[in-house]
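Only one structure is covered here, and it is reproduced in the block below.
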Amino acid sequence: MDLSISTWMMLFFILFLMAGIWKIYAFLPNKQLEDDDKTQEASYELRRLMLKIIREKEGKLSSQELFLAITENESFDSKLFWRFNQNRLNQLLNQYFIEHPHAKSIEDIYKNNLVSTQSV
């Protein structure tokens with residue numbers, strides 16, 4: 001059985017293609033990590049904590065003060081949110097501002113939540 005060079009090349013190509021696909025599959029994460037703070041539940045928890053602190057401080061704090069208050073709060077899970085930083089807080093605030101276009105500042109967030117909690 002005499003195989004041509006192109007047949008050998010095709011066989012090796014298919015063999016290495018299968019090995020490459022297996023290698024990619026083997027190293028892709030298949031399950032959620034325990035400390036993954038990018039999930040919807042984790043984002044909801046951070047947002048709930050952010051709104052709680054804004055309500056407690058009556059909206060009279062800057063973004064940096066809000067960050068420090070969140071990280072120092074007893075309900076802040078530092079193991080889960082070990083990557084939480086000022087930039088992540090800014091993303092949460094921007095997401096809130098996108099969802100509520102009338103809110104332009106932290107004080108506006110406080111006024112909006114005060115009205116929404118009083119109407120319930």
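Source: prediction; values computed, not measured.
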key: Closest contact, heavy atoms only, Ile106 versus Phe97   = N-CZ, 4.4 Å

remark   = Nearest heavy-atom approach of Arg88 to Phe84 is CG-CD1, 3.6 Å

message = Please say yes or no: joined through hydrophobic side-chain contacts below 4.5 Å, possibly via intermediate residues, are Leu3 and Leu15 part of one cluster?
response = yes

task = Starting at CD1 of Ile109, measure out to CG of Asn112 and round the result to the nearest 0.5 Å.
result = 8.5 Å

From OG1 (Thr71) to CZ (Phe76), nearest 0.5 Å = 6.5 Å

Return all side-chain donor-acceptor pairs below 3.5 angstrom for residues 44-53, not counting sequence neighbours, or 'none' if the list is empty.
from	atom 1	to	atom 2	distance (Å)
Glu45	OE2	Arg48	NH2	2.5
Arg47	NH1	Glu99	OE1	2.7
Arg47	NH1	Glu99	OE2	3.4
Arg47	NH2	Glu99	OE1	2.9

ask   = What residues join Phe13 in its hydrophobic cluster, counting side-chain heavy atom gaps under 4.5 Å, either direct or through other members?
value = Met10, Ile14, Leu17, Met18, Ile21

Min side-chain heavy-atom separation [X]-[Y] under 4.5 Å:
{"X": "Tyr96", "Y": "Asp108", "value": "no"}
{"X": "Asp77", "Y": "Asp37", "value": "no"}
{"X": "Ser105", "Y": "Lys111", "value": "no"}

Stepwise side-chain contact (heavy atoms from CB on, under 4.5 Å) test for Gln91 and Asn94 = CA-CA 5 Å; Gln91 290 175 1; Asn94 287 335; 5.7 Å; no

ask   = Angle class for the Phe12/Phe16 ring planes (parallel below 30°, perpendicular above 60°, tilted otherwise)?
value = parallel

Would you mind writing out the side-chain donor-acceptor pairs for residues 58-67 within the sub-3.5 Å range, not counting sequence neighbours?
from	atom 1	to	atom 2	distance (Å)
Ser62	OG	Gln64	OE1	3.4
Ser62	OG	Glu65	N	3.3
Ser63	OG	Gln86	NE2	2.6
Ser63	OG	Asn90	OD1	3.2
Glu65	OE1	Ser62	N	2.9

